[in-house]
Amino acid sequence: MRSLQKKIKNEIYALLKDKYDFKQTELSFSQPAERKFGDLSTTLAFALAKKTKSKPFLVAEDMAARLTGQLKAVEDIRVAGGGFLNLYLRRDNFLKYQWQNLEKPLPAKGEKVIVEHTSINPNKSAHIGHLRNSCLGDILARSCRFLGYEVEVQNYIDDTGIQIADVVWGLLHYQKKSLDEIKKISNLAAYLWDLYAEVNQLFAANDDLARQRRDVHKKIEEKIDPEYESCRYIAEEVLLDHIRTMEQIGIHYDLLARESDVIALDFFKAAAAEMTARNVMTRSADPAKKDCLVIHYDRENIEKIIVRSNDTITYVGKDIAYNLWKFNLLPRDFCYRIFHTYADGHAIYMTQSEPAPPAPPFGRGDKVYNVIDVRQSYLQNLIAQVLAQLGHSAPSANFIHFSYEMVALTPACVREMNLKLEAGEENKPYIEVSGRKGRAVKADELIAKLVEKSLCEIQVRNPALAAAEALPLARTIAVAALRYFMVKFNLNTVIAFDFKEALNFEGDSGPYLQYTMVRLNSILKKSSGADLRAASVPGSLQCLEAREKELYWEMILNLSLLELAVEFALQNHELSSLAAYAYGLCQKFNHYYHLFPVLAEKDADVRNLRLSLMLIFKNKVEKLLAVMGIAIPDRM
RNA sequence: GCACCCGUAGCUCAAUGGAUAGAGCAGCUGACUUCUAAUCAGCAGGCUGCAGGUUCGAGUCCUGCCGGGUGCGCCA
């Protein structure tokens, strides 16, 4: 549809440019609200009427007169609604064109996109908030790949921060465990979940303990054992746990970038040199920030500390250096080693400071997406500002904070999990998730619940199915439910999490999409080879009765929008539109399915045409679901 | 205080400035001897927070109010 629209635009522009004064970019098409308004609609007449000070309807009428019969792919042109110009395509030609272009992959863009997502502190299990991040990041990466970009997925590991010192203190000094004892703890990440919440309560109540924690943090930074080696062990164990959690739902990474390596390899020094030379980073004149190096954040007129008075670097400072590296703007690089290999053979690399054999060329992105929740907007904007101030205008424009709202818990959900509410929280619309307070739904726990529910549903429908067969199906369905749930909301919608909604497998849900495809595949499985061969040459829509013809055409038209739909989602930062698109297609399919049987149809022409639709639907929607990371089970 | 986001059906959410504001859930009526009922068809449910403005056209843009959320650390 994309190339067809372009062709039609070219034709229209050539035919109208002498009569009307406009640029070709002003001509855009949208999908009409209703079938009767045609297949492509443009509001060009409204804009041109303003310029020529005439009535939109008259302009549209004149345009229609000039265009009628002149556009190759267009059967009819009509004016409606006071100035809409509605185009009606030549359906049989369009159907043939769709069919011929079904298998053509999109051409490579020749640009590299780096997507950073997940980036969970390696000090406890992942929770639902992290799942939103990872699902969005993964679908973003898949969308870019689908459109022909080279994509590299990075996961930033803060293995030096104070939050990991929290649990190191908790294990070594509070619980008095040795490293050997720590190594014996099974499911360490989940164990630390509780410990992290517990020690944070202690720190809040006791300044002396909070000071002890700072000492631990210092020892980690200065590589003093046992704090340092325990920290290394914990970070790696918990990281493996996160990777396992995400692997369950089909999320893979290419590179794990460690903060400790950003520090060890002096990335910041290189960045600081440039920022100082360009006067972007300066010594603060504020007595309260004596001896600090700061950057002025113009948008909100704030002075942000980058280097503390004790010469240590703040989080943003390190992030600036890391992001400069992503664009290949630092005279520094990491060393790399393989950290983990997935079942499909794909390797995740991890950065390291020690020299290592050559690795793939990481970084060097043309475009960078940072999937980080909206609460870090100001820091992300600051980084974009710094890039611009350093003279990197293209990277600054291609530095994209892929911002989304947080996941919170409904008060009902908090009660359901027997978690404590603080004073005044009872009346809040939602409760912020907090690892520090141990108040969140663990990712693994939610996934387990989804699998359990899928399994129940499968067993009800397929009582004879062996558990060994049912479990993989249940996992596939659980993943679809979770991913769909995480992507169906707008990015700036706070998800107030509720088990009942997340566990919904009916209607607007991932399993609904899967069920649609299972039905479709079942038809194809039962079709004869002769029928399938015949269907590969789509016939004419003329053999269908009116009602079916309209529905059929509507589906073909909608299916043809796949590439445009993914492009739209990416451009507008609305991955939820992919979910809506998929859901709408499947609704139409199910509607059609109930009205028009394929296998039982006696008329061979009609049967073949229906089967053609099945094949086109399968091709397009499988690709769409793959972009969303939703697999199609053999049965449900 | 300053900055950003949100307010749409009972609930949870959709809706490129475009044509009659749509879905799911919950409720009610129907449809399995049929290509899988995790489905489908139908009913009911709305002054899109309030008041102005811009526009051929506003849920969407602008201004002001009201209500809610988040950010503004020498935390990360």
Under 4.0 Å between a side-chain N/O of [X] and OP1 or OP2 of [N], yes or no?
{"X": "A:Q31", "N": "B:U16", "result": "no"}
{"X": "A:Y515", "N": "B:A38", "result": "yes"}
{"X": "A:T493", "N": "B:A14", "result": "yes"}
{"X": "A:R461", "N": "B:A38", "result": "yes"}
{"X": "A:N490", "N": "B:A14", "result": "yes"}
{"X": "A:Y512", "N": "B:C40", "result": "yes"}
{"X": "A:H591", "N": "B:A41", "result": "yes"}
{"X": "A:R308", "N": "B:A76", "result": "yes"}
{"X": "A:N492", "N": "B:C5", "result": "no"}

A:S577 vs A:E405, nearer the 5' end of RNA chain B by closest nucleotide: A:E405
A:D291 or A:T516: which one's nearest nucleotide on RNA chain B is closer to the 5' end? A:T516
In Watson-Crick or G-U wobble terms, with both distances under 3.5 Å, the base opposite B:G10 is B:C25
Find the partner of B:A38: check Watson-Crick (N1-N3 plus N6-O4 or O6-N4) and G-U wobble (N1-O2, O6-N3) distances, both under 3.5 Å, and reply none if neither fits. none
Given side chains that start at C-beta, do those of A:L44 and A:L85 come closer than 4.5 Å, heavy atoms only? no
Is_stacked ([X], [N]) at 5.5 Å, 30 deg:
{"X": "A:Y378", "N": "B:G71", "result": "no"}
{"X": "A:F46", "N": "B:C56", "result": "yes"}
{"X": "A:Y430", "N": "B:G69", "result": "no"}

Would the base of [N] count as contacting [X] through its side chain, where contact means a donor and an acceptor less than 3.5 Å apart?
{"X": "A:S309", "N": "B:C74", "value": "yes"}
{"X": "A:N86", "N": "B:A19", "value": "yes"}
{"X": "A:K588", "N": "B:U39", "value": "no"}
{"X": "A:R299", "N": "B:A3", "value": "no"}

Any base atoms under 4.0 Å from [X], or only sugar-phosphate, or nothing? Heavy atoms, all strands.
{"X": "A:F497", "answer": "nothing"}
{"X": "A:P56", "answer": "nothing"}
{"X": "A:A288", "answer": "base"}
{"X": "A:F596", "answer": "base"}
{"X": "A:K453", "answer": "nothing"}

Gap between atoms CD and P, on A:Q587 and B:A14 respectively (whole Å): 16 Å
Output the rounded distance in Å from CG (A:L615) to P (B:C35). 19 Å
May I ask you to check if A:R299 and A:Y378 form a cation-pi contact, with NZ or CZ under 6.0 angstrom from the six-membered ring centre and within 45° of the axis? no
How far does the C1' atom of B:G53 sit from the matching atom of B:U12, given to the nearest Å? 33 Å
